[in-house]
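Worksheet: one structure, shown below.
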Amino acid sequence: METLKGVIENVVYRNESNDYTVIEIADEENALITAVGIMPMAFEGENVILRGSWTFHKEFGKQFSFEAYEKTLPREVDGILQYLSSATVKGVGPVTALKIVNRFGVDSFDVIENHPEWLADIPGITLKKAAIISESFREQTGIRGVMMFCKDYVGAAEITRVYKKLGSGAVGIIKENPYILCDGDYGIAFDKIDALAKTVDFPASSPVRILAASKYVLNYNATSNGHTALPYGKLVGAVANLTELSENDVASMTEEFISTEQLRVLNIPAGRFVMTCEVYDAEKYIANRLYELDRDVARVRGADVTLMIEKLETDLGIEYATLQRKAIYDALDCGVMILTGGPGTGKTTVVKALLAIFKSLGIKCALAAPTGRAAKRMSEATSAEAKTIHRMLEMERTGDMKTKFGRNAQNPLDERAIIIDEASMIDLTLTEALLSAVRNGTRIIFIGDADQLASVGAGNIFSDMINSGEIKTVRLTEIFRQSKESLIITNAHRINSGEMPQLNVTDNDFFFVRRDYERDIAKTVASLITKRLPKAYGKRIAEDIQVIAPSKKGFGGVEALNAVLQAEINPPAACKKEKSAHGVIFREGDRVMQTVNNYDVEWERDGREGMGIFNGDIGVIESINNLKSHLTVRFDDRVVNYSFDLLDELELAYAITVHKSQGSEYPVIILPVYHCAPMLMTRNLLYTAVTRARRMVILVGRADVVGKMVENDRVDLRYTTLREQICHSYQ
């Protein structure tokens, strides 16, 4: 990397959320240079040493993009005056700055920090104001100290959070125990802090380090693989490998952590499982809360339910199937009930019946789902309002970027019946928040397809509840006549039962396009979208198509498909603006997807404003404004302006992974089927993909690959203890 030295002359732009900063610096030859990078609390007058490389921005010209930096306070009178005049220090503006520098010269900073009472000798500065000035200056220098100590290992935004938590003694506290930064309040990765700890010669065999490593392994597996616990032996082995210590030493300390309840352990038939205290408490709370809600509800007499069902059948001119009637009975007889079943088995019919019955009984009911698309589909199917679970719980972000729910045990939901759709997607954290916001005496009904992929987040909530055997569960199995006519429904159930789907039918809603070579898949998919399907069904069908792929990699993977489809569907043109970010060209008219939950992004809908765009939301780029450094995306009826430094949260969405499609439904899906990672060539992944389609499914690839996916009934193993916790609570 190259080095650039100079003085900050102007702070052009700074993003408060991630500290992305644009500054102008005067270099050693007094030339004004634009520099861009991550720098919290950049102030005019500071001396900086930047390390990075020269880049060329097509609109703003030559820039220095820095990856590392050092900062020092100015030592000359002119620099001190510039620094104090830039409103850096609270209570000091240009006039006051000039007075201070005229009085104390190069000693101004020393006086402000160590002798603030001397400032009161200056007209216009009282002792109270002098104290405010000194406190503000010490805060700035304190953050600078933390920054300089941690900057090679800790991100800029994290440094600010660390200082706010630890205060002016932060550096000393970190030196004494660097691993405090791995705790939940900071959440900095173990490997970064482990590298920092080596610079202060922190003992490698310290129990503090081993405990931090243990929590890191447990939390990493929760994030990456969905586990909430790990078998004792696996945890010890992983920690020993991470810390380069012997398994005996790690095991000895692990036993100490367990005995002092710094880690928790649960002995279940599958073995001895270890988890963090937070996860143990969450699973135990969920289990106990399910029991409380299941027992503390007013039952509706069976005879009354029979009369209500018969009235509905008469009014609607339908006849409920035996299992549908049982689902309605159980929902009114239990505090907690689970309804599961594949496509076309009548889950929505049961929900409609329950809504009608709850209304007749004067029971206020809420409908919710984990994602916006799932909630929208639920609302369309039932003609009743449905919200995301996050919105129902009035979620917001606190100042330290933590999630806070307005609805909780102290402010529970008003509704006395709650129906949760796509419940297989809810993870441990969201389930805990949901159950804490439910009033005693409220019915809660979980609806989902137990054969789909598990939640992206930690836990296996839906399956654990079902497999506990304690919570009343109805599995709908009958496919109704109108659904039997759909080959999508028929083939989905064939796949789920381990049978090969019918691939040779050409006059229904499920088609197979054979391609023997993976390299031909992307071109075929592009041809289907741009030529063959519009010719057969009209041009508007292109808007209804979503390509879903098992993997990101390969010729038939999401990355390759997006490149080909963008070129075919939305090629470059003089009238279309573009913006390149993280190796992707974003173009006006592109279909894009939000890849993380961002609770702070503002959107506008019909003149109303709100906040929050969530992982999996898909929209279209309406415009790109290079002057204002933002692009505008329309997500259905919400419009969002993304500053360019947030573009790492977006990716092209002409093609998405099956995992990203969970909870969504599309009129038409195209699914490439090709050899990819064995863990992705599974029956439940194929089943999940097929059941995302409402009107048409097209498989492109090889029939033998489809067969291998059908045969592979491997389900990702998730280590959890919720099932056992539920069984214990119900004893």
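Because only heavy atoms are used, hydrogens play no part in the values below, and waters and symmetry mates are left out as well, while side chains stay in.
Looking only at side-chain heavy atoms (C-beta outward), N411 and N408 come within less than 4.5 Å of each other. Proximity of Y216 to V239: side-chain heavy atoms (C-beta onward) are nowhere separated by under 4.5 Å. At least one side-chain heavy atom of I174 sits under 4.5 Å from a side-chain heavy atom of L196. Contact of the I188 side chain with the V162 side chain is registered, since non-hydrogen atoms from C-beta on lie closer than 4.5 Å. Counting heavy atoms from C-beta outward, I621 and L650 have side chains that stay 4.5 Å or more apart. When side chains are defined from C-beta on, L211 counts as touching F257, because their heavy atoms get closer than 4.5 Å. Two residues are said to be in side-chain contact when any heavy atoms from C-beta on lie closer than 4.5 Å; E24 and V12 meet this criterion. The side-chain heavy atoms of L263 and K215, taken from C-beta on, include a pair separated by under 4.5 Å.
Counting all heavy atoms, side chain and backbone alike, A130 lies closest to P116 at CB-O, 3.3 Å. Here the closest non-hydrogen pair linking N47 and V7 is OD1-CG2, 3.2 Å. Taking all atoms of both residues into account, the shortest heavy-atom contact from L652 to N562 is O-ND2, 3.1 Å. Nearest approach of F64 to E2, heavy atoms of both residues: CZ-O, 3.6 Å. When every heavy atom of H390 is checked against every heavy atom of F405, the shortest pair comes out as CD2-CE2, 4.5 Å. Taking both residues in full, the closest heavy atoms of A213 and L242 are given as CB-CD2, 3.9 Å, listed atom of the first, atom of the second, then distance.
Remark: R587 pairs with E578 by the side-chain hydrogen bond (donor to acceptor under 3.5 Å, both in side chains) rule, at least two apart or across chains. Legend: residues meeting side-chain hydrogen bond (donor to acceptor under 3.5 Å, both in side chains) with D427, ordered by chain and number and at least two apart, are absent. In terms of the side-chain hydrogen bond (donor to acceptor under 3.5 Å, both in side chains) criterion, E588 has no residue partners (sequence neighbours excluded). Looking at residues two or more places apart in sequence or on another chain, you find a salt bridge (Lys or Arg N to Asp or Glu O under 4.0 Å) between E394 and R407. Legend: residues meeting side-chain hydrogen bond (donor to acceptor under 3.5 Å, both in side chains) with Q262, ordered by chain and number and at least two apart, are T260. Residues passing the ring-ring contact (aromatic ring centres under 6.0 Å, His included) test with F586 are H582, sequence neighbours excluded. Among residues two or more places apart in sequence or in another chain, the salt bridge (Lys or Arg N to Asp or Glu O under 4.0 Å) test is passed with E559 by K553.
Checked by atom type and distance alone, the side chain of N241 never pairs as donor or acceptor with a backbone atom of G237 at under 3.5 Å. Counting only distance, with no hydrogens or angles, the side chain of T595 and the backbone of E649 share a donor-acceptor pair below 3.5 Å. A distance-only check finds a donor-acceptor pair linking the side chain of S134 to the backbone of I112 [under 3.5 Å]. A donor-acceptor pair under 3.5 Å is formed between the side chain of S436 and the backbone N or O of A433. Without hydrogens or angle criteria, D27 side chain to A31 main chain gives a donor-acceptor distance under 3.5 Å.
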Problem - Chi angles and distances behind the side chain to side chain contact (heavy atoms under 4.5 Å, CB included) call for L230, V274 - result: CA-CA 5 Å; L230 283 180; V274 186; 5.8 Å; no

Practice task
Run the numbers on N625 and T632 for side chain to side chain contact (heavy atoms under 4.5 Å, CB included), then give the verdict.
Solution key: CA-CA 8 Å; N625 191 322; T632 302; over 6 Å; no

Handout entry: Candidate pair L119 and F104, rule side chain to side chain contact (heavy atoms under 4.5 Å, CB included), full reasoning
Key = CA-CA 9 Å; L119 296 176; F104 300 110; 3.9 Å; yes

Exercise for the section: I would like to know whether I8 and Y83 meet side chain to side chain contact (heavy atoms under 4.5 Å, CB included); could you show each step before the answer? Expected result: CA-CA 9 Å; I8 299 177; Y83 180 87; over 6 Å; no

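Within 6.0 Å of NZ in K552 there are 12 or fewer heavy atoms belonging to other residues, nucleotides or ligands. For K387, the NZ atom is densely surrounded, since the number of other residues' heavy atoms within 6.0 Å is greater than 12. No more than 12 heavy atoms of other residues, nucleotides or ligands sit less than 6.0 Å from atom CG of N30. Residue K577 places its NZ atom among 12 or fewer non-hydrogen atoms of other residues, nucleotides or ligands, all under 6.0 Å distant. Heavy-atom neighbours of K576 NZ from other residues, nucleotides or ligands within 6.0 Å: above the threshold of 12.
Using modelled atom types and a 3.5 Å distance limit, the side chains of Y642 and Q594 yield a donor-acceptor pair.
Residue pairs meeting the salt bridge (Lys or Arg N to Asp or Glu O under 4.0 Å) criterion with at least one member in residues 73-86: none, sequence neighbours excluded. Legend: salt bridge (Lys or Arg N to Asp or Glu O under 4.0 Å) pairs involving residues 605-634, not counting sequence neighbours, sorted by first then second residue: R605-D637, D617-R638, E622-R634. Within the structure, every pair that satisfies the side-chain hydrogen bond (donor to acceptor under 3.5 Å, both in side chains) test and touches residues 248-258, not counting sequence neighbours, is listed here: Y232-E255, S246-D249, E255-R272. Listed by first then second residue, pairs satisfying side-chain hydrogen bond (donor to acceptor under 3.5 Å, both in side chains) with a partner in residues 96-110 read D110-N114, not counting sequence neighbours.
In this structure, Q63 CD and I33 CD1 are separated by 11.5 Å, a value rounded to the nearest 0.5 Å. Rounding to the nearest 0.5 Å places OG of S53 at 11.5 Å from CG of L4. For the atom pair H227 NE2 and K234 NZ, the distance stands at 8.0 Å (nearest 0.5 Å). Atom-to-atom distance recorded for L218:CG and L235:CG is 5.0 Å, nearest 0.5 angstrom. The structure places NZ of K175 at 8.5 Å from OG1 of T199, a figure rounded to the nearest 0.5 Å. Rounding to the nearest 0.5 Å gives a distance of 8.0 Å between CD of E432 and CG of D281.
Ring geometry, F109 versus F137: the interplanar angle falls under 30°, so the pair is classed parallel (tilted spans 30 to 60°).
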Can you give the donor-acceptor pairs under 3.5 Å from side chains of residues 202-210 to other protein atoms, not counting sequence neighbours?
residue : atom : partner : partner atom : Å
S206    : OG   : V208    : N            : 3.1
R209    : NE   : Y179    : OH           : 3.3
R209    : NE   : D194    : OD1          : 2.8
R209    : NH1  : A204    : O            : 2.7
R209    : NH1  : T243    : O            : 3.3
R209    : NH2  : D194    : OD2          : 3.0

